[in-house]
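Here the structure comes first, spelled out in C-alpha cells, and everything after it is commentary.
Residue numbers count from 1 along this sequence.
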Amino acid sequence: MLRFIDAEIKHKDLLRDTLISSKGYWGYTQEQLEQWRANLNFEDAYIARNIVKLVLDDTGAVGFFALIKGEVNELDHLWLLPRAIGKGYGNKVFEQILSEFALLDITEFYLTSDPDAEGFYLKKGAFKVGEVYSEPQNRMLPRMKFVIVTRT
C-alpha cells in the first residue's frame, strides 16, 4: 500500500537522489548522472511553494511527485526508484496526482516528459502538444497536456 506525505525542506537531498536514481534506470551513464546530481538542487522555496509529495511503501520512500499551480498548471516531477518500477506504483501515483489536481479544482495540466516516460503518459491519456529543449540533456523533450475527465 502506498502512502503520500508532504515533502519538507529536510528532504531536498532525498528528492534529488530519487530523481537521479530513477534516471539511472533508463540507462544514462554514471558520468551523466553524477553531472546532473552535482547541478540539481531543490530550493527551499520550491518545496514550500508547490505541492511536493513523497511516495512511501512499507520499505520507505520510493518516489515523489511535484505539482505547480499557477498560470500554467504543471506536473513538474514524477519519479520512482528503480526498485519501485514495474510494480504498478506509477499507476497508483498518477491516480493520486489526479486527485491532488482535483482538490485544487484544476481540470488540465501540462508536463514535460523524459522521452522514456512518454509512453506511460500517453497511456494515461495525455497528448503531445510539442517539444521543449533540455539544455542539461542536450535534446528535445516531449511537452504534453492532460485533461482530467470527471465522472458524473
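- The heavy-atom pair separating Leu141 from Ser134 by the smallest distance is CD1-CB, 3.5 Å.
- Applying the side-chain hydrogen bond (donor to acceptor under 3.5 Å, both in side chains) definition to pairs two or more places apart or across chains, those involving residues 61-74 are Glu74-Arg143.
- Residue Lys128 places its NZ atom among more than 12 non-hydrogen atoms of other residues, nucleotides or ligands, all under 6.0 Å distant.
- Leu14 places none of its side-chain heavy atoms less than 4.5 Å from the side chain of Lys12.
- Ring centroid separation for the pair Phe42 and Phe64 comes in under the 6.0 Å cut-off.
- Across every non-hydrogen atom of Leu81 and Ala61, the tightest pair is CD1-O, 3.4 Å.
- The closest side-chain heavy-atom distance from Leu56 to Leu2 is not below 4.5 Å.
- Between Met1 and Asp58, every side-chain heavy-atom pair lies at or beyond the 4.5 Å cut-off.
- Clustering ILVMFWY residues whenever any of their side-chain heavy atoms sit less than 4.5 angstrom apart, transitively, puts Phe120 in a cluster other than the one holding Tyr110.
- Tyr28 and Asp114 share a side-chain donor-acceptor pair at under 3.5 Å.
- Atom-to-atom distance recorded for Leu15:CG and Leu54:CG is 6.0 Å, nearest 0.5 angstrom.
- Classified by interplanar angle (parallel below 30°, tilted 30° to 60°, perpendicular above 60°), the ring pair Phe146/Phe109 is parallel.
- You'll find the side chain of Gln96 reaches within 4.5 Å of the side chain of Phe65, heavy atoms only.
- The two residues Phe127 and Val147 come nearest to each other via the heavy atoms CE2-CG2, 4.2 Å.
- Residues Phe4 and Glu100 have side chains not in contact (no heavy-atom distance under 4.5 Å, counting atoms from C-beta outward).
- With a 4.5 Å cut-off on side-chain heavy atoms, Val55 and Trp79 do not count as touching.
- The CG atom of Leu75 lies 11.0 Å from the CD1 atom of Ile51; values are rounded to the nearest 0.5 Å.
- Closest non-hydrogen pair, Pro115 versus Met140, comes out as CG-O, 4.4 Å.
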Practice task
Determine, step by step, whether Ile47 and Asp44 satisfy the side-chain contact (heavy atoms from CB on, under 4.5 Å) criterion, reporting the C-alpha distance in whole Å, the side-chain angles of both residues, the deciding distance to 0.1 Å, and the verdict.
Solution key: CA-CA 5 Å; Ile47 295 169; Asp44 294 359; 5.7 Å; no
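- Inspection of the Glu34 and Gln30 side chains reveals an N or O donor paired with an N or O acceptor under 3.5 Å.
- Using a 4.5 Å heavy-atom threshold, the side chains of Leu98 and Glu95 count as separate.
- Closest approach of Val62 to Ala84, counting heavy atoms only: CB-CB, 3.8 Å.
- Judged by the 6.0 Å and 45° rule, Lys23 forms a cation-pi pair with Trp36.
- One finds the CG atom of Leu80 at 11.0 Å from the CG atom of Leu19 (value rounded to the nearest 0.5 Å).
- Side-chain atoms of Asn50 do not come within 3.5 Å of backbone N or O of Val52 as any donor-acceptor pair.
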Exercise for the section: Report the C-alpha distance between Met144 and Thr112 in whole Å, list the side-chain angles of each, state the deciding distance to 0.1 Å, and finish with yes or no for side-chain contact (heavy atoms from CB on, under 4.5 Å). Expected result: CA-CA 6 Å; Met144 306 180 87; Thr112 301; over 6 Å; no
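- The residues Asp17 and Arg37 are annotated as salt-bridged, a charged nitrogen and a carboxylate oxygen being separated by less than 4.0 angstrom.
- Side chain of Ser22 to main chain of Thr18: no donor-acceptor pair is present (N/O by atom type, distance under 3.5 Å, no hydrogens or angles).
- Checked by atom type, the side-chain pair Asp116/Tyr25 shows no donor-acceptor distance below 3.5 Å.
- Between Arg83 and Ile85, the closest side-chain pair of non-hydrogen atoms is not below 4.5 Å.
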